[in-house]
Each structure stands twice: as C-alpha cells, then as structure tokens.
Protein chains: 2
Amino acid sequence: MPRGQCGGQGWWHGKFRGCGYRMTLGREAILDVLSKAEGHLSAEDIYIKIHSRYPNVGLTTIYRTLDVLSDVGMVYKLDFGDGRARYEFAEGPKGVHHHHHLVCTECHKIIDYTDFIDDEVELLNQTEKGLGQKYKFKITNHLIQFYGVCQECSDKK
Amino acid sequence: MPRGQCGGQGWWHGKFRGCGYRMTLGREAILDVLSKAEGHLSAEDIYIKIHSRYPNVGLTTIYRTLDVLSDVGMVYKLDFGDGRARYEFAEGPKGVHHHHHLVCTECHKIIDYTDFIDDEVELLNQTEKGLGQKYKFKITNHLIQFYGVCQECSDKK
DNA sequence: CTATTATTGGAAATCATTTCCATTATTAGG
DNA sequence: CCTAATAATGGAAATGATTTCCAATAATAG
Ligand SMILES: [Mn+2]
Ligand SMILES: [Mn+2]
Ligand SMILES: [Zn+2]
Ligand SMILES: [Zn+2]
C-alpha cells in the first residue's frame, strides 16, 4: 500500500482532521469508497464494498462515520424513498459536479442531472438569500428532486 | 353527526372513490384530519388525533391509507430527517397553496414558504419539461427543500 | 513512549413500518 | 332492502434499518 504520492492520501484528510476528528483506517476506507463511487450508496453498500479489504470495520462505524461526514458537509444524506438512507460524496463546498436528482417512483432508479442546473442554481441562490433574510435562517444547503416514472417502467404497462 | 350538507362530506370523497377505493370511516377520518392539519403529521400523530373519536382505527390502517393517498397523489409523503415519514395534504392537483420547505437541521422546525414560489415554479416547469424529454421521464412531482439553522438554534451558541 | 481520550466492533435494543391472516364492512347488483 | 364478492381492517408478530451500550483498542499531543 503506497503512501505519500502527493499531498497525502486524499484531499479530505486535512478537512476532516481540521474539524477535530481523528483519522482512522475505517474512516479513510469509507471516504475512499464514497469518493470513487458512481451511485448513491447505503451504509450497507459501503460495508460490503469495504469488507473484503477491511474485515474489521463494522457497520456501526460506518453509520457513525456517515453521520459525522454528513454533519461536516462532506457527504450528502439522501432519501429516495426506498427505506434506507443513501449517501453521496459532496466533493468540495459546492463542487463542479453539483447536480440534482430525477427519481423513478416505480423502480427507484436515480438519474443525476446537471442540465438546467445553471439557471436553477442561480434562482436558488436568490431564493436562498431572500428566504434567509425573511425567516432569519442560515441556509446551508438545498435539495431538489423530481419524481416521475422512467421509460422502462412506463413501458411495462 | 350531520350528513349531506352540500356535495357530500369533503370534496375528496369523490376523487377517492373514483380511483376504485372504498370509502370507510377510518379513511374519512384520516382525510379529515389531514385536510385540517396545520403542520406535517406522522402516522402516529394522526393515530393520536383520531383515536379518541375513532378508537377502532388501527395504526396499520393509517399506514395503509397514507400509502394509498400518497399513490393517488392526494397526500405528499415527506422526509425531514427526523426518522419518521411525515404527510401533508396536497389539496387539489396543484392547489393554490403549493409551497416548499425550509428545514432547520438542528431542531427540525419546518417552515412552509410560498415566497418566490412563482419564479421557482415557472423555472421548475421548464426544467420538468426539459428533463422529461431528455430522460424520457413522465415527471409528476417535485420536491424542494432548503436546509439551514433557524434563528433560535443559531442563538443557542 | 505515555497518558489521554476519541473511536471501535459487536451484541442487544429501538422503533418505524410491514406482513399475516382471520374477521368485518363496503358496495354493486338484483 | 338483501346478498355475494371481495376490499379493508386490526392486532399481533415480523422486519429491518439505525442506535445504544460498553469494554477493548487505537490515534494523537507532548
Ligand atoms: Mn446524485
Ligand atoms: Mn408543508
Ligand atoms: Zn423506473
Ligand atoms: Zn432550529
């Protein structure tokens, strides 16, 4: 297992430590999986992905870590209505890959879309500002999801 | 208990029956509570509100009914991150009171806002159309929530 | 290297939601 | 109004994701 090779082992290392948390093997593994994952992983998904290489990282730790990461804002916790929380890496404070979701209510397929995002985000920023002032909220985040039925599910009828 | 008095007993009666469901006391009670409720009720909230007058409507029925109502689109099922689903009446296909949510991540206070809604909704409609075409989705609904910290919670620091 | 203390894993507890199934109630049709 | 067909119900038990507990372990400052 090569170490150094740059600034360390993932840019998040610093951010995480900076928040006063200790960096552990398990946490690193979780962060690593999340940062590379395509989809939207559940705690168990992560457990499974990690388990072969880190057999001694327990599910409990995964839940705990996800909570922390979520608090710190490094990970988004999402609910797509399939009975378990799903997590996705937040890459940066509002990284290049900011996107929203299209959710099929039949088969729970999720599509990340970035189309139209620019207009949306612009409007959202305004709204955020307005709402923040009016309701004295310190707004930190937003969630946008469209629900519908995907083509495959439509065809099945 | 007066009956008639107009078109029947709540405009939803028809809509519900129209979908092929039987109208029962329990269902009527649930619909009634939801249509008058201010906040965002959980299944148990509803159970409690109903129980004194309808002691023989069980929690199971409430869950089942909420599922149905949610499927039919008469009720929105929401997740505010407090570990239980919350429901709100949808009044009409996209009634006058369409609103979005501002969620305090500390105390879970929820604010319904309608400010800025017009612009939002307009943009959303466009986006819906665009997304629907591009991804072949039949979009039926959207969810928008802003997360942040309310004033009271900010002050507590 | 040590002391301090955050973190961990695993078993058990929680708790919202579902499942089961025998019983009951609604409704269309006569 | 009556009846058959079957949708709906409730309560107990099952489920299953997430939490809680606590003794053991590991990360980190100095
Ligand atoms: Mn995504
Ligand atoms: Mn609301
Ligand atoms: Zn689908
Ligand atoms: Zn608050």
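Per chain, numbering begins at 1; letters A, B, ... match sequence-line order.
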Checklist entry - Does a salt bridge link A:Asp79 with A:Arg86, judged by any charged N lying under 4.0 Å from a carboxylate O? => result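 Salt bridge flag = no for A:Arg86 with A:Asp79.
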Checklist entry - Does a salt bridge link B:Lys49 with B:Asp45, judged by any charged N lying under 4.0 Å from a carboxylate O? => result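 No, no charged N to carboxylate O under 4.0 Å.
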Between [N] atom [atom2] and [X] atom [atom1], what is the distance in whole Å?
X	N	atom1	atom2	result
B:Glu28	C:dA25	CD	P	16 Å
B:Asp67	C:dT17	CG	C1'	9 Å
A:Ile62	D:dA17	CD1	P	14 Å
A:Leu59	C:dA12	CG	C1'	15 Å
A:Asp82	D:dG16	CG	C1'	13 Å
B:Tyr54	D:dA8	OH	C1'	17 Å
B:Lys77	C:dT18	NZ	P	6 Å
B:Tyr63	D:dA14	OH	P	19 Å

Next on the checklist: Applying a 4.0 Å non-hydrogen cut-off, can you work out what B:Gly26 is touching in the nucleic acid: base, sugar-phosphate, or nothing?
Outcome noted: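 The answer is nothing, as B:Gly26 stays clear of every strand by at least 4.0 Å.
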Checklist entry - Between A:Trp12 and A:Phe89, how do the two ring planes meet: parallel, tilted or perpendicular, split at 30° and 60°? => result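 Because their plane-to-plane angle is over 60°, the rings of A:Trp12 and A:Phe89 count as perpendicular.
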Next on the checklist: Less than 3.5 Å apart, any donor N or O on the side chain of B:His100 or B:His142 sitting next to an acceptor on the other?
Outcome noted: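 Present: a donor and an acceptor within the cut-off.
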Checklist entry - Only one of B:Tyr147, B:Tyr76, B:Phe80 clears ring pair (Phe, Tyr, Trp, His ring centres under 6.0 Å) with B:His101; which? => result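 Result for ring pair (Phe, Tyr, Trp, His ring centres under 6.0 Å) with B:His101: B:Phe80.
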Checklist entry - Taking the side chain of B:Thr60 as its heavy atoms from C-beta onward, which of C:dT8, C:dG10, D:dA12 lies nearest to it? => result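 Of all the options, the side chain of B:Thr60 is nearest to D:dA12.
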Checklist entry - Reading nucleotides 24-30 of chain D from the 5' end, what letters show protein touch, with B for base, S for backbone sugar-phosphate only, - for no heavy atom under 4.0 Å? => result ---BSS-
Checklist entry - Judged by atom type as modelled, is there a donor-acceptor pair below 3.5 Å linking the side chain of B:Thr114 to the main-chain atoms of B:His99? => result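 A pair under 3.5 Å: no.
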Next on the checklist: Does a side-chain N or O of B:Arg64 approach OP1 or OP2 of D:dA7 to a distance below 4.0 Å, or not?
Outcome noted: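 Result: no.
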Item to check | Close side-chain approach of B:Thr24 and B:Thr65, heavy atoms under 4.5 Å | outcome: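 B:Thr24 vs B:Thr65: side chains apart.
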